[in-house]
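Quick one: this structure, given as structure tokens, is what I'll be asking you about.
Atom set for the values below is all heavy atoms of this structure, side chains included, hydrogens, waters and symmetry mates excluded. Order of the sequence lines sets the chain letters (A, B, ...), proteins ahead of strands, with each chain counted from 1.
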Amino acid sequence: MYEHLLSLQNKLAKKVIICPYKNNIRLIGGVDVSFERFSNTGFCSFVVLNKKFEIVEVKNVKLTVKMPYVPGLLSFRELPLIYQAYKKLSFKPDIVFCDSQGIAHSRGLGLASHLGVVLNIPVVGCAKSRLVGEYNIPGNKKGNYTYLKYRGENVGAVLITKDNCKPMFISPGHLIDIKTSILTVLKFTKKYKIPEPTRVAHILSNSFRREDSNFY
DNA sequence: GCGACAG
DNA sequence: ATCTTGTCGC
């Protein structure tokens, strides 16, 4: 049913670059998309924070898509919104956090990797649950982690971002590696389990959707 | 065939 | 992802 999308993923996966991220981060981006209950209308919020976690800029995009949610093909549903929101930004972030998987994906191209390749920017995937791979449960203290292994390769980390909380599934999207992804995520995680960029984006995309439903 | 399956 | 109150644990 989706052969064409599968081959496109295989093609784009070859362009993914996994390497240490060494640059300073002055601005960090976070994106998330929320959807209406009975439609395919999505609401995307792309937020840019400075290193003090202050909001520098927010851009919203509302769009109705045709692609349904299919495990492994999430990027074809959400990327149109995320791409448009990114283009509207005046302040381009040095790196982006995305609520999804990066290379921890059946064809090595989760949403975070797809986004990174299309925009040619560093992206880290920060998901609340696993898509593929096996792992051991890490200790319950912030900073503890184990590796997520898939087909014999380490494709990400299962990271505790808050004491006694369930782990986050971190996987590099593009222009970053596993180790620097972990360090970066911890650097931008303060008080809550969810890293600040995606946490703020999640809150904003939900308010965007709820405010929009008042315009009838 | 069966179960798993980011958001 | 979305719906949705209370409730248990640190």
Side-chain angles (χ1 to χ4, degrees), chain A residues 1-2 5-6 9 12-13 16 30-46 60-83 85 96-117 123-135 139-142 144 148-151 155-174 178 181 185 190-195 197-213:
Chain A
M1 197 51 158
Y2 295 111
L5 301 184
L6 302 189
Q9 287 186 324
L12 292 178
V16 171
V31 251
D32 196 27
V33 183
S34 67
F35 282 86
E36 284 182 340
R37 176 92 140 121
F38 297 118
S39 81
N40 283 320
T41 301
F43 297 80
C44 172
S45 288
F46 207 127
N60 294 323
V61 166
K62 173 188 177 183
L63 185 66
T64 300
V65 299
K66 294 176 182 172
M67 185 70 193
Y69 168 70
V70 178
L73 298 177
L74 175 66
S75 61
F76 297 104
R77 177 171 170 80
E78 301 198 346
L79 206 51
L81 291 109
I82 297 176
Y83 182 82
V96 173
F97 282 8
C98 187
D99 197 343
S100 67
Q101 307 292 340
I103 59 172
H105 177 275
S106 337
R107 287 163 295 281
L109 196 85
L111 171 56
S113 293
H114 197 156
L115 177 63
V117 167
V123 180
V124 181
C126 311
K128 295 182 295 297
S129 61
R130 180 204 76 114
L131 175 62
V132 297
E134 312 83 48
Y135 63 96
N140 64 351
K141 291 302 175 187
K142 179 174 180 176
N144 287 167
L148 179 63
K149 186 174 287 191
Y150 184 56
R151 295 170 176 164
V155 293
V158 183
L159 175 69
I160 300 295
T161 50
K162 177 177 177 168
D163 288 2
N164 303 312
C165 283
K166 303 279 280 183
M168 290 292 297
F169 293 77
I170 308 302
S171 70
H174 187 51
I178 297 179
S181 288
V185 166
K190 206 67 174 188
K191 187 172 188 203
Y192 305 96
K193 165 185 167 175
I194 308 291
T198 45
R199 195 182 74 85
V200 172
H202 187 261
I203 293 171
L204 294 180
S205 66
N206 276 320
S207 13
F208 176 33
R209 171 170 53 83
R210 287 162 188 153
E211 285 163 19
D212 185 86
S213 59

- prompt: Hey, are the side chains of A/Val185 and A/Phe97 touching, using non-hydrogen atoms and a 4.5 Å cut-off?
  reply: yes
message: At less than 4.0 Å, is any side-chain N or O atom of A/Lys128 found next to OP1 or OP2 of B/dG7? Yes or no.
response: yes
query: Is the shortest heavy-atom distance from the side chain of A/Val33 to the side chain of A/Arg209 under 4.5 Å?
result: no
- request: Report which part of the nucleic acid A/His202 touches: base, sugar-phosphate, or nothing (heavy-atom distance under 4.0 Å, all strands).
  value: sugar-phosphate
message: Considering every strand and a 4.0 Å limit on heavy-atom distances, what is the contact class for A/Asn206: base, sugar-phosphate, or nothing?
response: sugar-phosphate
- prompt: How many Å lie between CG on A/Leu109 and P on B/dA6, as a whole number?
  reply: 16 Å
task: Answer whether the closest heavy-atom distance between the side chains of A/Asn60 and A/Asp212 falls below 4.5 Å.
output: no
Distance-only polar pair, side chains of A/Thr64 and A/Asn40, donor-acceptor under 3.5 Å: no
- request: Find out whether A/Phe46 and A/Val96 are in side-chain contact, i.e. whether some heavy atom of one side chain is under 4.5 Å from a heavy atom of the other.
  value: yes
- prompt: Does anything in residues 98-107 of chain A reach DNA chain B, meaning a heavy atom under 4.0 Å, and if so which residues?
  reply: A/Asp99, A/Ser100, A/Gln101, A/His105
task: Rounded to the nearest angstrom, tell me the gap between atom CG in A/Leu148 and atom P in B/dA4.
output: 18 Å
query: Between A/Ser113 and A/Gly173, which heavy-atom pair has the shortest distance, and what is it?
result: OG-O, 2.8 Å
- request: Report which part of the nucleic acid A/Asp32 touches: base, sugar-phosphate, or nothing (heavy-atom distance under 4.0 Å, all strands).
  value: sugar-phosphate
field: A/Gln101 side-chain N/O to A/Ser129 backbone N/O, donor-acceptor pair under 3.5 Å
entry: yes
query: In whole angstrom, what separates A/Leu79's CG from B/dG7's P?
result: 16 Å
task: Rounded to the nearest angstrom, tell me the gap between atom CG in A/Leu204 and atom C1' in C/dA1.
output: 17 Å
message: Output the rounded distance in Å from CZ (A/Arg209) to C1' (B/dG7).
response: 13 Å
- prompt: Would you say the side chain of A/Asp32 lies within less than 4.5 Å of the side chain of A/Thr198, judging by non-hydrogen atoms?
  reply: no
- prompt: Considering only heavy atoms, which members of residues 62-78 of chain A lie under 4.0 Å from some atom of DNA chain B?
  reply: A/Tyr69, A/Pro71, A/Gly72, A/Leu73, A/Leu74, A/Glu78
Show each protein N/O and nucleotides 4-10 of chain C N/O combination with a separation under 3.5 Å, one pair to a line.
{"from": "C/dC10", "atom 1": "O3'", "to": "A/Asn164", "atom 2": "ND2", "distance (Å)": "3.3"}

Over 12 foreign heavy atoms within 6.0 Å of NZ, A/Lys142: yes
- request: Quick one: closest heavy-atom pair of A/Tyr150 and A/Gly133, and the distance?
  value: CD1-N, 3.7 Å
query: Which whole-number value in Å describes the distance from A/Phe169 CZ to B/dC5 P?
result: 10 Å
Near-ring test A/Phe35/A/Tyr69, centroid separation under 6.0 angstrom: no
message: Expressed as a whole number of angstroms, how long is the span from A/Phe35:CZ to B/dA6:C1'?
response: 13 Å
A/Arg130 side chain near B/dC5 phosphate (N/O to OP1/OP2, under 4.0 Å): yes
- prompt: What is the distance from CG of A/Leu115 to C1' of B/dG7, rounded to the nearest Å?
  reply: 14 Å
query: Counting N and O atoms only, with roles assigned by atom type, does the side chain of A/Arg151 sit under 3.5 Å from a partner on the main chain of A/Ser106, one being a donor and the other an acceptor?
result: yes
